[in-house]
Number of protein chains: 2
Amino acid sequence: MHANVKLNVIPITNQGLKVACSECNMRELCLPFELTDNDMGRLDSLIGGGRKLKRGQHLYRAGDSFESIFAVKAGFFKTDVLTEDGRDQVTGFQMAGEILGMDGIGTEAHTCNAVALEDSEVCLIPFAELELLSSKIPSLQHNLHKVMSREIVRDHGVMMLLGTMRAEERLAAFLLNLSQRFTARGYSPAEFHLRMTREEIGSYLGLKLETVSRAFSRFQDEGLISVQQKHICILDIARLKAVLAPPGGRIG
Amino acid sequence: MHANVKLNVIPITNQGLKVACSECNMRELCLPFELTDNDMGRLDSLIGGGRKLKRGQHLYRAGDSFESIFAVKAGFFKTDVLTEDGRDQVTGFQMAGEILGMDGIGTEAHTCNAVALEDSEVCLIPFAELELLSSKIPSLQHNLHKVMSREIVRDHGVMMLLGTMRAEERLAAFLLNLSQRFTARGYSPAEFHLRMTREEIGSYLGLKLETVSRAFSRFQDEGLISVQQKHICILDIARLKAVLAPPGGRIG
DNA sequence: GAGTCGGGTTGACACAGATCAAAGGGGTGC
DNA sequence: GCACCCCTTTGATCTGTGTCAACCCGACTC
């Protein structure tokens, strides 16, 4: 698994590994962004070690009391919410360097489920201590606010997708978003493995799994991508982008 | 307009009025929640006065540089995002006591438009100063984090709505949400004026205005609500809730 | 007070995506 | 390494919502 980078790690508990932010290859995308070495050390000292999860394991569940947020160190997660009557909605997919759990701050309890979609590892960041430290390190405080703000903006993007786009546009937007995030992490922009099922993609995009499957097939027929199960190649990124923003604008 | 409470106010600029948080009837729903009198005073001192907006006026636009967040003191707003190709999506409606503008923190620029849907008034809260002060007042810092977290959770609720609900469920959820928020502000849970058009409701709910109109008519025919243009009475809140969570659960 | 205009309602029809169904294949667990 | 099961694909049909169109109403304007 690509993101599973070997580091000089100091074992702490049998549950996880301690890895310094300064040693982490995600530091530029994560909370420590642009912190001084000294401040990064202070952040390190509050991070309660790592936690490893097997595929399918829950990092937290809706209703769990909120104590920490989590930084994905390696692996891949989904978050979802579900209603009493059994509907569920995937609210996001998180990869290395992204923060999980901020939904819990407002109510002291998590409001969604977070599940590892492959064997993964997170850093546990006790939130009360993070608040305390961020009140002493302005740039850390600001980074936290930025991370939360970006989550809000990301959610607005999903609302736009769900509210205004048709099936193929949604899937194109999804693939381009993944591509861009993989690129930011040093992976190929064009070739990657999907960690989630068609049903999970569908839930995220507000579509049924059959519709997702059909859209994949259509894109493949048209030479935009190649699909082999979960393996995706983007063959013509320009035309894939054009699916999103049809030349000449939208009719209607 | 109900929320336009008369207070002993000190005029500051010709643009707005200075009103102390401690005098504001929204303080229990807003940033000052559970702050000591002393801390509330410190918060007051950074709030850069009020700003009044006429119906239709923009509070900020996507791309505007980000400097402040805003607390709605009175009135009603919508926020929306739009793409190059002309699609737009209403991302929320904000009423008194709610915070606007947090989308701008992450990128130093606003990412959506905020428009007054009726004559309104906001408090201007310079964000850099708020960060500085919140680093000195732990409960203020925590309140800010809670407000942002709740915005994330609210967005997840909208994603659920857009991703999994049918038209009438969406409208029922929308009406119940408004009802609950009006109640929290001391207004009738059952009777209120919509400040937005059918088209804006539709944009928010991912529906066309005709569909919204038809759903209103259907609810009225079934005796759940009465509709007269923008004036709504909820006649049978239990059955309206049942639209959302059909007894016996959802089929499929 | 007449005219205009934006917002709302309603009807007829079209179509994208859901639903139902069946079959094949690949990954996972034992 | 084998077997099973879940995931995926594809086809046929159905339906909720979009689209197009006509009309109504109330609020402003002049």
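Heavy-atom basis, side chains included; hydrogens, waters and symmetry copies ignored. Convention: sequence-line order gives letters A, B, ...; per-chain numbering from 1. This is a predicted model, so every value here is computed, not measured.
- Applying the 4.0 Å criterion to OP1 and OP2 of dT9(D), one finds that S213(A) has a side-chain N or O inside that range.
- T183(A) has its side chain out of reach of Y187(A): every pair of non-hydrogen atoms, C-beta onward, lies at least 4.5 Å apart.
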For residues 219-226 of chain A, run the donor-acceptor check on the side chains, cut-off 3.5 Å, and write out each pair with its distance to 0.1 Å, sequence neighbours left out.
residue: Q220(A); atom: OE1; partner: V227(A); partner atom: N; Å: 2.8

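- Residue E169(A) contributes atom CD, which lies 12 Å from atom P of dA16(C) at whole-angstrom precision.
- Under the 4.5 Å side-chain criterion, counting only non-hydrogen atoms from C-beta, H156(B) is in contact with D155(A).
- For S217(B), counting side-chain heavy atoms from C-beta on, the closest listed nucleotide (dT10(C), dG18(D), dA18(C)) is dT10(C).
- Closest to the side chain of L207(B), from the set dT10(D), dT17(D), dG17(C), is dT17(D).
- For E210(B), there are no salt bridge (Lys or Arg N to Asp or Glu O under 4.0 Å) partners two or more places apart in sequence or in a different chain.
- Counting non-hydrogen atoms under 4.0 angstrom, G202(A) reaches nothing in the nucleic acid.
- Residues forming a salt bridge (Lys or Arg N to Asp or Glu O under 4.0 Å) with R154(A) (at least two apart in sequence, or on another chain): E151(A).
- One atom, CE of M196(B), and another, P of dG6(C), lie 21 Å apart when rounded to the nearest Å.
- Listed by chain and number, the residues in a side chain to side chain contact (heavy atoms under 4.5 Å, CB included) with T107(B) are A109(B), T111(B) (sequence neighbours excluded).
- The distance between atom CD of Q220(A) and atom P of dT10(D), rounded to the nearest whole Å, is 8 Å.
- Checking dT28(C), dG17(C), dG11(C) against every side-chain atom of R214(B), the shortest atom distance belongs to dG11(C).
- When the P atom of dT10(C) is taken as reference, atom CD of E210(B) falls 13 Å away, rounded to whole Å.
- One atom, CD of E168(A), and another, C1' of dA16(C), lie 10 Å apart when rounded to the nearest Å.
- Taking atom CG of residue L209(A) and atom C1' of nucleotide dT19(C), one finds them 11 Å apart after rounding to whole Å.
- At a threshold of 4.0 angstrom between heavy atoms, the contacts of G206(A) are confined to the sugar-phosphate backbone, with no base atom among them.
- For the pair R166(B) CZ and dG18(D) C1', the interatomic distance rounds to 15 Å; values are reported in whole Å.
- I69(A) places none of its side-chain heavy atoms less than 4.5 Å from the side chain of L100(A).
- Between the side chain of R170(A) and the base of dG17(C), no donor-acceptor pair of N or O atoms lies under 3.5 Å.
- To the nearest angstrom, C1' of dT17(D) lies 11 Å from CZ of R218(B).
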Considering only nitrogen or oxygen atoms on both sides, find all protein atoms under 3.5 Å from nucleotides 2-7 of chain D and state each distance.
none

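- Residue pairs meeting the side chain to side chain donor-acceptor pair (under 3.5 Å) criterion with at least one member in residues 227-237 of chain B, sequence neighbours excluded: E191(B)-H231(B), H193(B)-H231(B), D236(B)-R239(B).
- In this structure, A167(A) and T211(B) both approach DNA chain C, and ranking their closest nucleotides by distance from the 5' end singles out T211(B).
- R55(B) pairs by the salt bridge (Lys or Arg N to Asp or Glu O under 4.0 Å) definition with nothing, not counting sequence neighbours.
- An end-to-end axis angle of 60° holds for the helix from dG1(C)-dC30(D) to dC30(C)-dG1(D), taken from five base pairs per end and rounded to 10°.
- Sorted by first then second residue, the salt bridge (Lys or Arg N to Asp or Glu O under 4.0 Å) pairs that include residues 89-99 of chain A, not counting sequence neighbours, are E98(A)-R181(A), E98(A)-R185(A).
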